[in-house]
Amino acid sequence: MSTVRVAWALERAALRGQLEYRVNFIVATFMGVAYQGSGFAFIYVVLHSFHTIGGWDFGDLAFLYSLRLLAHACCYLPFNQIDMLDITIREGKFDRYLVRPMNPLLQLMTNRFQINAVGDVVTASALFIFAASIAHVDFSRPHVVYLVLAVIGGALAEGGFILAVSSLAFRFLETWAAAALVDNIYLMFGSYPMRVFGTTTAWIMTWIIPVAFVAYIPASVLLDRTDGLHIAPVIAYGAPAIGLIWFVAAYQLWRLQVRHYQSSGS
Amino acid sequence: VTTTTAPAGLEPLSRSPWRDVPAYRQIIASRLRTTLAYRQNVFFLLGILVLQIFILRKVWTALYEGHTTVDGLTLHALLVYITLANLQNWVLQDPTISHYMYDRVREGQVAFDLVRPVGFVPQMFAHLVGSSFATVIFGLAALPLIFFAGTLGAPASPTALLLYLVSFVLGYVITTLLTLMLGMIAFWATEISGLTMLYRLINQFFAGALVPVSLHRRRCPPVPGDDLHAGGHLRGTRARRGCARSTRRPGIVDRVADLRVMGHVATGAAPRRGPRRVSRP
């Protein structure tokens with residue numbers, strides 16, 4: 001518990017540090033809204049001219065998009081510093097993390113706070129409230145429990161993949177562009193029904209990169225669209241567990257990669 | 001009247017505009033080398049571009065199911081447009097220079113740039129040109145992959161190709177000026193990373209890289225002959241022949257005026273006032 005308390009204190013200190021730059025705080029928050037909102041704006045604009053994408057109407061797509069965004073916001077709030085690992089290693093700052101009595105990953109996560117995560121949370125919440133009001137979702141108790149688990153599982157699936165990619169920085173020293181690529185894969189592939197992309201891509205985005213488990217599969221369950229899924233319904237109901245498995249595997253990979261750390265000496 | 005001559009070696013320097021060209025050439029070459037040295041990053045960024053083109057192709061193909069033309073555009077024409085627009089956007093939009101300017105200002109290294117015998121803005125412009133050379137090289141090398149992910153086709157006519165090249169150059173000038181202006185904000189604000197990202201996103205959306213700009217304009221009545229909107233059951237997009245006044249295509253005068261306004265703002269206000277804001281970090 002003391003570790004959690006220290007991590008929380010560090011996170012608050014990081015947030016307070018960023019709040020010192022007030023203009024940048026406002027701009028970065030707005031940027032988070034614009035970044036996530038631009039994808040939704042695309043869907044909004046095209047669905048005013050076309051009725052559906054891959055058989056999903058505007059309400060269904062809004063729900064899918066907001067679910068992905070909720071999972072992303074839950075992932076990005078704690079993991080917004082993971083992609084700074086490469087610069088931390090290059091500048092020799094990782095040495096400090098190794099000599100302190102706390103998990104280096106937690107120290108990295110609480111080192112700074114990326115303000116646009118606030119924008120992600122604002123956009124995700126607003127979009128989810130909007131989507132839930134127009135999509136045909138049955139908010140029964142089991143569905144609400146599944147929804148909460150799906151968001152957590154989605155966050156773990158995305159966080160796990162980002163952690164796995166970023167941990168390669170211990171070997172390759174510069175991985176920010178790879179992390180950006182992963183972020184874009186989740187943003188772009190996670191916002192549309194998988195059948196749009198064809199069988200092969202849908203399979204890759206399910207079993208190689210767990211994009212489909214973040215929002216598409218849980219949204220299909222909640223919208224009662226499991227008939228159109230490319231996987232068995234029983235796996236769809238177990239989607240949140242896939243995220244947990246991914247994260248545990250990614251953390252093991254991180255621990256293996258840390259052993260390859262070589263200090264820059266500066 | 002007495003005349004004096006400067007001692008040997010201290011003659012006034014020639015004011016020829018070509019005097020600084022070797023310096024700019026050095027900056028362009030060094031920026032090109034820097035980008036090539038960090039080529040793994042460019043490959044990943046190129047990966048984002050290829051993915052975006054691939055996804056847009058798939059999504060637009062799904063949207064066109066059951067329609068042959070929308071807004072007068074066939075699916076093939078739209079896919080060529082989307083592929084080209086994204087490729088061009090990627091080549092023109094290089095965020096590294098505004099980041100570079102911001103870093104120089106924040107860490108005080110801009111002082112060294114300001115005391116050099118060549119102007120600060122031309123130095124940054126040379127950096128942008130060098131960076132553009134690198135992205136063009138990578139973009140051209142990736143054309144087969146982009147062809148596979150998206151759709152490319154031959155120009156409609158030699159005139160179309162010529163007009164495209166002219167508009168590409170004008171687009172490059174506007175983007176360059178906007179990038180310089182964005183970087184100059186670093187002289188006023190300590191952090192501009194958020195603003196840079198915001199600019200890129202807004203620019204990508206409103207420049208028509210995701211959706212053709214004609215689809216943004218939806219308040220006009222549906223156009224007869226448009227097979228998607230002919231049924232009248234959808235809110236009509238403003239097609240080219242829809243509203244006479246607001247669909248008027250901007251003429252050459254409008255475009256030149258826009259360019260002049262942007263050019264005046266970018267090359268006049270910000271670069272002149274920005275460096276005056278230098279303070280000790």
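Residue numbers begin at 1 in each chain, while the letters A, B, ... track the order of the sequences.
Ranking B:Leu45, B:Leu51, B:Leu63 against chain A, the residue ahead of the rest is B:Leu63, based on heavy-atom pairs under 4.5 Å. Note: A:Leu181 leads A:Ile53, A:Leu187, A:Val33, A:Leu181 in heavy-atom pairs under 4.5 Å with chain B.
When heavy atoms are compared at a cutoff of 4.5 Å, B:Gln52 approaches chain A by way of both its backbone and its side chain. In this structure, chain B has a heavy atom under 4.5 Å from the side chain of A:Thr201, while its backbone stays farther away. Only the side chain of A:Tyr192 comes within contact range of chain B, with at least one heavy atom under 4.5 Å from a heavy atom of that chain.
In this pair, A:Phe170 and A:Phe94 present their aromatic rings perpendicular. The plane angle is above 60°, beyond the 30 to 60° band. Classified by interplanar angle (parallel below 30°, tilted 30° to 60°, perpendicular above 60°), the ring pair A:Phe40/A:Phe130 is perpendicular.
The side-chain tip of B:Arg57 does not point at the ring of B:Phe54 from less than 6.0 angstrom away and within 45° of straight on.
Residue B:Arg104 places its CZ atom among more than 12 non-hydrogen atoms of other residues, nucleotides or ligands, all under 6.0 Å distant.
A distance below 6.0 Å separates the ring centres of B:Tyr100 and B:His127.
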